[in-house]
Amino acid sequence: MKKMKVRGILIDINYKEGKIFLTIKNESGISTFYDDYYDYFYVEKNDENNAIINKLGMENVLDEVELEGKTFYKIKKVNEENEFYIKYAHNIPAWKKYLIENEITPMNLLELEVENDKILEVKDVGSYIPKLKVISFDIETYAPFIIPRVNKDPIIFASYASRDGEKGVITFKRGNRDFELLVKDEKELIEKLCEKLNEYEVIVGYNSSSFDIPYLMKRAEKLNGKFWLGNEEIEIKKLTTGKIVRTSGIIHFDLFYLIRLLANAQAIKTQRYSLEEIYEEIIGEKKMDLEEEKMCEIYDSDEKRGIYLDYSLSDAIATYKIFEKLYPLIVEICKISKIPLKELNNITSSQLVESLLFEYSYKYKFLIPNRPSEEELLERSEEKVIGAYVKIPEPGIYEKIAVLDFRSLYPSIIVAHNIDPKTLNCGHKECMKNVSPSGSYFCIKNRGIIPITVENLLSLRKKLKEELKKNDDPLIRARVAALKIILNSFYGMFRYVRSRWYSKECAESITTWGRKYILDIAKKAEEKGFKVIYMDTDSTFLTMGNKSKEDVIKFVEEVNKEIPEAMELEIENFYKRGVFVEKKTKEEIGARKKYALIDENGKIKIRGFELVRRDWCKFARDTQLEVLESILKEGSKEKAVEIVRNKIKQLREGKFKKEDLVIYTQLRKGKYKVTSPEFSAYEKARKRGIKIPIGSIIGYVITKNGKSISEKAEIAQFANDFDIEYYINNQVLPAVLKILGAFGYSEEDIKYYGKQTSLGEWENG
DNA sequence: CACTGTGGCCGTGGCC
DNA sequence: GGCCACGGCCAC
């Protein structure tokens, strides 16, 4: 057979018994090539291990490797592994080792030299954004109890959408839409969907691992039909946090997990993870929505069914659009962390960091530490580390505020002080001056692998950010965002009990140094005549008084000359006004983590207030927002009071939407020590025969039926009336009282003072 | 297999 | 009525 060259994008990689399979995509489609490759592990070369190895025979020793001044045998992983060794690099996926050793990156363009299907040579020839054939899909079920019961509730629609304009809804009941695809029954619907999906390279769903695919599989089984994706059996892995669906020959991608990663990294902010809210957040448009309670009714009506079909299609289209918008970011995450697309299902930020550290450790010849044993896990979970400093603010309204921020505080401390488990207390005398306030010192002669990695990422990010200023390219923006997510997770790696790079001393050094640097800023600022009103971790809020912006700029420049090179203090923004409030507890002190600011362009920044929390009803949150806006924009307390009075009037007169009274709370556990409204609502629903999965976000309202709040709580769909007094006294008023209090009203003033004034109406009803 | 960390606010129920 | 544990969500 002749040798030939193949160019294509690496879209997937798998390992199986001595072979690596690379899936390559190019103009002629998708093809898979293999390379002989054995998974391996390292054992240290010493007398004890030599004896064992001699007994077993040398044929499994692939190589000898020098790491951190020691010699290791590289041993082929065979079925009968010897458990007497202390093994290293044994639980790292073989495909990852192959990628790192061959310096190839998922989603990059590869040049292969092959003979038949066998790879002779592989070369990465650079970055590329692959155009994949992608289709999104979604199913709808006929579920009179809202939460679908797989044994009883059929799938009525299956929708799909792709970039090439292919879109449709498969149904066995006519809805008179030109995009509908009529089939005989549910079984045919499932099979038709499979035919469609299997024409593509990537299938995208939203929560499809935990819902759509398992549901489709179970329904197909019940109906004696078929459900298939790709060329091998579909594997469903159950995790504590959900399910993962693994397919071969076709890539299944569940957007939900990426959304969860972005939400955890605070790259996106949404109240719930519903497709509607995510779509609005990411695409910036409202998505069509249908009231859940009415769905069956709409489906049963021949005239209205078309609307439900529209809705079903809009779900598939929304999923596709979100995928497309996030695609550059997805590709960048794959590339930076060397993780193929399908592995992004159920990705966490610690895995991204781990993956990067594998690569850098290999490159710089560091030994990758092993995972902790069960005993170590227990020991580690006992240890405590003090975190960041947060200043208690004086409640009130402030004018002319400058907010200063350390850029990537913890990563820059890691770099500045070379913080790493391997550089910790190195024993060199001259390194002892690099000592943290917690008493640990770090080597100044040899760099640790974590500082090396973080420094590279920081400088890359800085470079890209500068490029971004010149040219607002979505690809660069995605790369900057991906780097930020990863960088913010490094500190956590030192404290994460399952981490290979766990180190209490490193973590402690970072936080103590962090506290020192921020408190130094406070001291210096006060010396310069600024007043420090608030601080949290890496940010400082100053009131400028009669000082100018130039004074602030000069101050920041001076600070930057004094702190280590790797660190930088930045001006986050100037604000013309800001509000801090008292805590709601009895002690009359300012609340931390709660503030509202307005900048010179009128842009408002609000943190911590009830209005940013999903466990407060929208009605109360809207009221609070209006009050804060009026105070920040106009400084008018009279108007703020008027707003509250009107809102309460609206409640009393029934001028509200039911959904604005819904309180959302996640049911994180199946068993609780205390009664809570959300759990009580959940239990009532369960008694009705409705199964709500643990981990769901429950939307409940407070009704008139019952004594305690818990007794009155009902899942929103089942509630017919509302306890308006609860919404006034426990939602609207608590959300605004402390804000009005910042104007000098005492709480009594607001609640009881002036029955003659407009405020009196609150109490008298 | 998965859960990066600590600091902080506050409603609710249940105890006295 | 005061106090505290529980548990959720948010800031960074």
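Any value given below was found using the heavy atoms of this structure, including those in side chains, with hydrogens, waters and symmetry copies removed. In what follows, chains are A, B, ... by sequence order, proteins preceding strands, each numbered from 1.
Residue contacts for W616(A): at a heavy-atom cut-off of 4.0 Å it reaches the sugar-phosphate backbone alone, with no base atom in range. Using a 4.0 Å heavy-atom distance criterion, N730(A) is classed as a sugar-phosphate-only contact. Heavy atoms of Q666(A) sit under 4.0 angstrom from primed sugar atoms or phosphate atoms, though from no base atom. Within 4.0 Å of I347(A), counting heavy atoms only, lies no atom of the nucleic acid at all. Among the heavy atoms of the strands lying under 4.0 Å from S349(A) is at least one base atom, whether or not backbone atoms are also near. The residue S499(A) sits apart from the nucleic acid: no heavy atom pair falls under 4.0 Å. As judged by a 4.0 angstrom heavy-atom cut-off over every strand, K237(A) is placed among residues making no nucleic acid contact. Counting non-hydrogen atoms under 4.0 angstrom, V385(A) reaches the backbone sugars and phosphates but no base. The residue Y672(A) sits close only to the backbone: its heavy atoms come under 4.0 Å of sugar-phosphate atoms, none of a base.
In this structure, Y517(A) atom OH and dC12(C) atom P are separated by 22 Å, rounded to whole Å. We find that CE of M535(A) is positioned 22 Å from P of dT6(B), with the value rounded to whole Å. Straight-line distance from the CG atom of L352(A) to the C1' atom of dT4(B): 11 Å, rounded to whole Å. The separation between K712(A) atom NZ and dG11(B) atom C1' is 15 Å, rounded to whole Å. The nearest whole Å value for the distance from the NZ atom in K504(A) to the C1' atom in dT4(B) is 18 Å. Computed from coordinates, the I485(A) CD1 to dG5(B) P distance equals 17 Å when rounded to whole Å. One can place OH of Y273(A) at 10 Å from P of dC9(C), the figure rounded to the nearest angstrom. If you measure from atom OH of Y410(A) to atom P of dC12(C), you get 13 Å, rounded to the nearest angstrom.
The side chain of L239(A) approaches dA2(B) more closely than any other nucleotide in the set dA2(B), dC9(B), dG13(B). Each of dA2(B), dG14(B), dC9(C) was ranked by its minimum atom distance to the side chain of N346(A); first place goes to dA2(B). The side chain of Y595(A) lies closest to dA11(C) when the candidates are dC6(C), dC9(C), dA11(C). The side chain of K593(A) lies closest to dG8(B) when the candidates are dG5(B), dG11(B), dG8(B). When each of dA11(C), dC10(B), dG14(B) is scored by its nearest atom to the side-chain atoms of E610(A), the top-ranked nucleotide is dC10(B). Of the candidates dT12(B), dT4(B), dC10(C), the closest approach to any side-chain atom of Y496(A) belongs to dT4(B). Checked against dC12(C), dG5(B), dG7(B), the side chain of I386(A) finds its nearest nucleotide in dG7(B). Counting only heavy atoms from C-beta on, R371(A) has its side chain closest to dA2(B) among dC12(C), dG8(C), dA2(B).
Residues Y595(A) and Y534(A) place their aromatic rings such that the two centres sit under 6.0 Å apart.
Around atom CD of E588(A), no more than 12 heavy atoms belonging to other residues, nucleotides or ligands sit under 6.0 Å away.
Between the side chain of R613(A) and the base of dC10(C) there is no donor-acceptor pair of N/O atoms closer than 3.5 Å.
Of the side-chain N and O atoms in S489(A), none sit less than 4.0 angstrom from OP1 or OP2 of dG5(B). Residue R621(A) places no side-chain N or O under 4.0 Å from the OP1 or OP2 atom of dC10(C).
With respect to K712(A) and D723(A), a salt bridge is recorded, a charged nitrogen being found less than 4.0 Å from a carboxylate O.
Here the separation of dT4(B) from dA11(C), taken at their C1' atoms, is 16 Å to the nearest Å.
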